[in-house]
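Report on one structure; see the data block that follows.
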Amino acid sequence: MKILVLGSGAREHAIILGLRAEQTDHEIFVAPGNAGIAQDATPVRLDPLDGAAITEFANENAVDLVVVGPEAPLVAGVADVLRERGIPVFGPGRAAAQLEGSKSFAKRIMDAAGVPTGRAVRAATTAEVEAAFDDLGAPHVVKADGLAAGKGVIVTSDRAEALAHAEQYLPSGPVLVEEFLSGPEVSLFFLSDGDTVRALSPAQDFKRALDGDEGPNTGGMGAYSPLPWLAEQFGSERAFVDEVTRDVALPVIRQLDSEGTPFIGLLYAGLILTQAGVRVIEFNARFGDPETQVVLPRLVTPLSELLLAAASGTLEDQPAPEFRDDVAITVVVASEGYPEAPQTGRPIEGLAEAASVEGVRLVHAATASPDAPGGSLVATGGRVLNVVATASDFRTARDRAYEAIGRIRLEGSHHRTDIAARVAE
Ligand code: AMP
Ligand code: GLY
């Protein structure tokens with residue numbers, strides 16, 4: 001198959017490694033990719049936001065499938081442009097991508113579909129925000145309405161801090177004040193062809209910057225899959241997945257279809273398991289990062305077949321995706337200063353030594369080729385590398401991941417040391 005992947009982060013690298021793991025002769029292009037991805041796919045100079053240029057490239061090169069990695073091209077309507085020209089594309093159109101692009105759109109769809117989520121109030125002024133705080137109580141949850149790369153949300157018991165966060169976003173539109181939900185979080189991905197869904201295996205993301213879930217929210221500092229503790233609460237992982245499919249994914253997919261905006265691509269359900277049951281905290285319209293890095297290495301079913309079936313409306317013919325029992329963890333290596341003010345441009349060394357640890361793969365998030373031949377790769381962003389380790393148990397996977405991290409040298413870098421620590425005990 002000829003496949004074009006749009007994006008340049010670790011998620012896209014993980015998708016490409018998943019396609020490569022099938023050991024079929026896929027020809028894989030990436031636009032624009034990064035230095036690590038360039039070792040596994042052919043980079044093409046295309047702007048992922050330029051639907052016309054991507055269409056032209058896909059037609060000229062007889063591309064069978066375009067996979068849109070990040071949210072920005074989806075919200076910009078790139079999938080619509082491709083689909084109009086008959087190119088199979090994995091990723092929702094602009095309208096359905098509002099599920100991620102607008103928190104109030106997502107709330108409206110959930111209300112219409114009867115999907116369990118926290119109570120939320122749309123507040124356009126400081127006074128309305130204060131009234132919502134009074135109504136919903138502490139801790140306070142404030143969300144910017146649009147895309148904010150994981151930084152639009154604050155959860156705090158400090159009312160002044162919550163209000164200041166709201167006031168930062170109010171000039172550009174209303175914010176959502178939400179009921180605080182308490183419990184473990186789960187990320188569950190569904191492939192959707194607009195009508196049928198197929199669930200992948202659950203994962204957990206570590207969103208805070210520092211050990212012990214301290215520090216600011218980030219795009220995600222690590223993840224693991226599967227979640228053995230789900231079996232204690234639900235009897236089995238399958239029972240949990242079936243419940244969320246029935247109560248969350250299918251109602252949302254049906255609702256979007258009934259509005260004439262079918263969701264074709266990856267529905268990411270961000271869930272909190274409260275005492276009162278499963279609640280949706282957010283939807284994303286694309287694979288999660290870093291969860292994809294731990295879900296796809298466990299996938300046995302060929303990824304390309306699943307993505308193509310979703311893109312071409314034939315998911316019903318696909319059996320439920322299968323996963324191996326091996327566990328996977330990923331630890332993110334971040335630049336000094338991430339998330340507030342990442343220092344970039346620094347050399348990264350020790351990658352070959354790190355990759356030689358058994359069961360370890362390096363997935364690149366923000367790397368560029370050396371300035372001079374024979375030099376080191378350089379870090380170009382906040383989240384730089386994902387060390388992914390698989391093993392038969394979490395303790396071994398953790399040992400492998402942290403052994404590999406110890407071999408990587410990037411001045412000032414930081415990472416969490418407690419990824420999957422509790423589940424390994
Ligand atoms: P979001 O961008 O909506 O995923 O929010 C980022 C993070 O904030 C989530 O992963 C949760 O840890 C936390 N969060 C969001 N909404 C709530 C809520 N209603 N109650 C408690 N925590 C929340
Ligand atoms: N890991 C969170 C996200 O992908 O949005």
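Because only heavy atoms are used, hydrogens play no part in the values below, and waters and symmetry mates are left out as well, while side chains stay in. Just follow the structure's listing: the first ligand is 1, and inside any ligand the first atom is 1. In this text, all values refer to a predicted model and were calculated from it rather than measured experimentally.
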Please work out which of E178, R119, H140 has its closest non-hydrogen atom nearest to atom 19 (N) of ligand 1. E178
Please work out whether the ring planes of Y402 and H415 are parallel, tilted or perpendicular, with thresholds of 30° and 60°. tilted
Salt-bridge test for E178 and K103: reply yes if a basic N is under 4.0 Å from a carboxylate O, no otherwise. no
Which parts of the protein, at residue level, reach under 4.0 Å of ligand 2 through a heavy atom? D205, K207, G219, Y268, N284, R286, G288, D289, P290, E291
Measuring from the heavy atoms of R279, does anything fall under 4.0 Å of ligand 1? no
Which atoms from ligand 1 have a heavy atom of F180 less than 4.0 Å away? 20 (N), 21 (C)
So if I count the atoms of ligand 1 from 1 in the order they appear, which ones are less than 4.0 Å from some heavy atom of K143? 3 (O), 15 (C), 16 (N)
Stepwise side chain to side chain contact (heavy atoms under 4.5 Å, CB included) check, V295 with F287: CA-CA 10 Å; V295 171; F287 279 101; over 6 Å; no
Nearest heavy atoms of V378 and S369, plus distance in Å: CG2-O, 4.2 Å
Where do D257 and P262 come nearest, in terms of heavy atoms and distance? OD1-CB, 3.7 Å
Quick note on ligand 1: atoms under 4.0 Å from a heavy atom of K103 include exactly 1 (P), 2 (O), 3 (O)
Measure V153 to ligand 1 on non-hydrogen atoms and call it side chain, backbone, both or neither using the 4.0 Å cut-off. side chain
Taking 4.0 angstrom as the limit, do E130 and R159 come out as a salt bridge? yes
Decide, yes or no, whether a salt bridge links E185 with K207 under the criterion of side-chain N to carboxylate O below 4.0 Å. yes
With atoms numbered from 1 as shown, which atoms in ligand 1 lie under 4.0 angstrom from a non-hydrogen atom of E185? 9 (C), 10 (O), 11 (C), 12 (O)
Answer yes when R279 and E179 have at least one side-chain N-carboxylate O distance shorter than 4.0 Å, and no when they do not. no
For a quick check under 3.5 Å, do E237 and S201 share a side-chain donor-acceptor pair by atom type? yes
Output the list of atoms in ligand 1 that are nearer than 4.0 Å to some heavy atom of V155, sorted by atom number. 8 (O), 13 (C), 14 (N), 22 (N), 23 (C)
Check the pair N34 / H13 against side-chain hydrogen bond (donor to acceptor under 3.5 Å, both in side chains), numbers first and verdict last. CA-CA 9 Å; N34 61 40; H13 198 183; 5.0 Å; no
